[in-house]
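Since the structure comes first, as structure tokens, the remarks are kept for the end.
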Amino acid sequence: VANDARENKSLRGPEFSVHDVKSHQTIFSREMRSEHLLPVLEFSPNGRQLAWFTGADAVLLDADNGKEVIKFPVRLTAEKTLAEMAYSSTGDQMAFATVNTVLGENQRFDLNVGIFDSRTGTQVKKLAVRAFATQELSKNSRALVRKIRFGRGDRQMAVAVTFFEPQEMKSTDFTSEVHVWDLDAEKHTVASFPYMINDMAFHHDGRLATGGGAEIAGHVELTDLEKKHSSVRFVGHTRPTYGVAFNRDGSRLVTAGGD
């Protein structure tokens, strides 16, 4: 449970608890020293460790007792912004992503991704690119990382970023980019979507399913990233889609929306 009442000085930082599902007992609770409001939590694929990421701090904890195992030297941004992380399918690597806003006359959004060895905490790759490079920006423009995913046997990396103007924001005033890297060839591509992306999932053939939308519309698309266009649009949701996932053999796509 993240604590967002930062004006109350008696509240020292976000806190979370881990519970045993069968016994309903709390295994441990821990307060994290962080000024960031919305931390991201995720269990490792084997369930033995728990990762915590705020955009500036990344820590790997023992899931049985909450003791710190590794502190990653991420420091992708000092901003109090939304951040995302993901484990590789094997759990051997972790990826952390943030958008850093560079202010001034030439305002821009820098998307930063750090990939680390989850066993040692050492960084194995850093990816950096300018997001929304062709978008007209104002001093109020904002960009948020929405999701990050490994794909195709952990050889691909996709990061979804959404752009909006808070002062003029309507339910339809969102633009998203999905930045995709071939981690072996270090090739970068980007695809654009006219809505906020809430979730995405890789098909085993390399196509990417995205789910999102606005107040009165839901979107689910399957995109060929090499051709940069939607190969399939799924119709049905009348409210934003919040979750997408493939079954093991890729023959089924499940979606969850706010209908």
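Treat the numbers as computed from the prediction; the structure is a model and nothing was measured.
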Taking all atoms of both residues into account, what is the closest heavy-atom pair of [X] and [Y], and its distance?
X      : Y      : result
Ser88  : Asp92  : OG-N, 3.4 Å
Phe72  : Met94  : CZ-SD, 3.7 Å
Ser176 : Thr162 : OG-OG1, 2.7 Å
Asn198 : Gly212 : ND2-CA, 3.7 Å
Val40  : Met85  : O-CE, 3.3 Å
Glu84  : Phe53  : O-CE2, 3.3 Å

Quiz item: Is it the case that more than 12 heavy atoms not belonging to Arg130 sit under 6.0 Å from its CZ atom?
Solution: yes
Under 3.5 Å donor-acceptor pairs involving side-chain atoms of residues 177-188, not counting sequence neighbours:
residue	atom	partner	partner atom	Å
Glu177	OE1	Phe132	N	3.0
Glu177	OE1	His179	NE2	2.8
Glu177	OE2	Phe132	N	3.3
His179	ND1	His188	NE2	2.9
Asp182	OD1	Asp184	N	3.0
Asp182	OD1	Ala185	N	3.0
Glu186	OE2	Lys125	NZ	3.3

Self-check item: Sidechain-backbone polar pair: Ser44 side chain, Gln49 backbone, donor-acceptor under 3.5 Å
Solution: yes
Scan the side chains in residues 59-66 for donor-acceptor partners under 3.5 Å anywhere in the protein, sequence neighbours excluded, and list what turns up.
residue	atom	partner	partner atom	Å
Asp62	OD1	Asp64	N	2.8
Asn65	OD1	Lys67	N	2.9

Practice problem: For Glu68, enumerate each residue passing the salt bridge (Lys or Arg N to Asp or Glu O under 4.0 Å) test, keeping only those at least two apart in sequence or located in another chain. | Solution: Arg30
Quiz item: Do the charged groups of Asp20 and Lys22 touch, with an N to O distance under 4.0 Å?
Solution: no
Self-check item: pair Arg142-Phe163: side-chain heavy atoms closer than 4.5 Å
Solution: no
Quiz item: Going through the distances and angles, do Ser89 and Asp154 end up as a side-chain hydrogen bond (donor to acceptor under 3.5 Å, both in side chains)?
Solution: CA-CA 7 Å; Ser89 61; Asp154 300 331; 2.8 Å; yes
